[in-house]
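This report refers to the structure that appears directly beneath it.
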Amino acid sequence: DAKTTQPTSMDCAEGRAANLPCNHSTISGNEYVYWYRQIHSQGPQYIIHGLKNNETNEMASLIITEDRKSSTLILPHATLRDTAVYYCIVRDSQGGSEKLVFGKGTKLTVNP
Amino acid sequence: KAGVTQTPRYLIKTRGQQVTLSCSPISGHRSVSWYQQTPGQGLQFLFEYFSETQRNKGNFPGRFSGRQFSNSRSEMNVSTLELGDSALYLCASSPGAGYQPQHFGDGTRLSIL
């Protein structure tokens with residue numbers, strides 16, 4: 001079973017920031033938080049990952065709470081092309097396995 | 001850098017047949033994982049190969065198998081196809097150690113008639 005909980009769906013206006021929350025209350029010390037998104041009929045696209053510090057790249061920012069029990073993915077200026085299903089996943093970096101356990105994700109709809 | 005390449009993109013088979021899907025990972029990546037995606041079950045992990053050895057396996061019947069070659073390319077095989085095997089099959093590659101993320105291909109859409 002997935003170790004994360006995400007809202008089923010969210011809406012965002014084009015040009016505004018999209019803030020996607022994720023709960024991972026049972027996360028352990030070696031587990032990283034990864035975010036992927038999937039646009040219909042394509043493979044999941046890697047967005048960002050982090051352990052405990054906030055991270056930013058050209059696509060998004062990842063804010064992880066100090067207790068690491070939740071995180072937020074921020075798309076600073078959402079566009080229509082950001083409409084997708086967003087998955088938050090935790091994975092042990094020292095487990096010797098690359099297995100990702102996907103939940104149902106959040107369906108983000110960006111509206112014009 | 002080229003991404004993960006999966007072939008073929010689309011495939012139609014009939015029940016009872018067998019099928020082989022191919023995955024070429026990103027250059028330098030040693031780990032290849034396979035996932036099945038269906039509307040009902042979502043994305044489910046099939047297996048992972050690292051340096052030609054199966055390192056982890058999901059909860060799928062033995063009809064699903066895979067292998068990895070010395071150049072890290074991987075194939076998965078499904079024998080005695082069933083209607084329920086209709087799905088998008090996704091391959092992902094990563095360096096295979098530590099926290100580096102996996103990168104996915106666009107999958108093979110398998111339809112069973």
Side-chain angles (χ1 to χ4, degrees), chain A residues 1-6 8-9 24 27-53 55 57-60 62 64 68 71 73 84-107, chain B residues 1 3-7 9-10 21 23 25-26 29-51 53-60 68 72 74 87-109 111:
Chain A
D1 288 347
K3 297 181 65 175
T4 61
T5 304
Q6 299 177 252
T8 302
S9 63
H24 30 80
I27 194 169
S28 64
N30 296 322
E31 288 181 318
Y32 277 70
V33 180
Y34 297 83
W35 283 83
Y36 287 82
R37 71 181 182 184
Q38 188 174 27
I39 297 168
H40 184 61
S41 296
Q42 297 181 18
Q45 177 189 24
Y46 163 74
I47 301 173
I48 199 168
H49 71 282
L51 181 63
K52 58 177 75 174
N53 298 320
E55 302 287 346
N57 63 20
E58 64 279 4
M59 289 183 67
L62 174 60
I64 303 175
R68 301 186 69 236
S71 61
L73 178 74
V85 178
Y86 287 76
Y87 297 99
C88 169
I89 301 165
V90 298
R91 183 178 74 84
D92 190 343
S93 64
Q94 300 183 13
S97 170
E98 301 291 292
K99 176 182 177 180
L100 297 177
V101 180
F102 286 82
K104 296 189 182 303
T106 296
K107 168 67 173 159
Chain B
K1 210 175 196 182
V4 177
T5 304
Q6 292 189 245
T7 57
R9 286 299 314 277
Y10 302 93
L21 312 181
C23 173
I26 291 171
H29 284 188
R30 297 170 64 192
S31 169
V32 173
S33 298
W34 289 89
Y35 295 82
Q36 181 197 65
Q37 186 172 28
T38 61
Q41 299 298 318
L43 270 153
Q44 293 186 290
F45 173 79
L46 279 158
F47 30 67
E48 180 211 350
Y49 286 86
F50 178 78
S51 293
T53 301
Q54 188 179 86
R55 186 157 71 169
N56 202 349
K57 187 178 188 303
N59 188 26
F60 279 82
Q68 186 180 33
S72 293
S74 177
L88 180 65
Y89 289 89
L90 292 156
C91 167
S93 77
S94 73
Y99 60 87
Q100 294 300 321
Q102 292 179 49
H103 295 273
F104 284 80
D106 279 335
T108 294
R109 172 76 61 184
S111 299

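Quick note on labels: first sequence line is chain A, next is B, and so on, each numbered from 1.
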Which portion of B:Leu43 sits near chain A, non-hydrogen atoms under 4.5 angstrom: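 Both backbone and side chain.
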
A:His24: ring-ring contact (aromatic ring centres under 6.0 Å, His included) partners, not counting sequence neighbours: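 With neighbours one apart ignored, the set is empty.
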
Largest heavy-atom contact set with chain A, pairs under 4.5 Å, which of B:Arg109, B:Glu48, B:His103, B:Gln44: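 Winner by heavy-atom pair count: B:Glu48.
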
Which of A:Glu31, A:Gln45, A:Gln38 touches chain B most, by non-hydrogen pairs under 4.5 Å: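 Max contact count across the listed options: A:Gln38.
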
Ring-face cation of B:Arg55 near B:Phe50 (centre distance under 6.0 Å, axis angle within 45°):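 Judged by the rule (NZ or CZ under 6.0 Å from the ring centre, within 45° of its axis), B:Arg55 counts as positioned above B:Phe50.
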
B:Tyr99 atom OH: more than 12 heavy-atom contacts under 6.0 Å: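 Open.
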
Under 3.5 Å donor-acceptor, B:Tyr35 side chain and A:Leu100 backbone: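 Such a contact is found between B:Tyr35 side chain and A:Leu100 backbone.
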
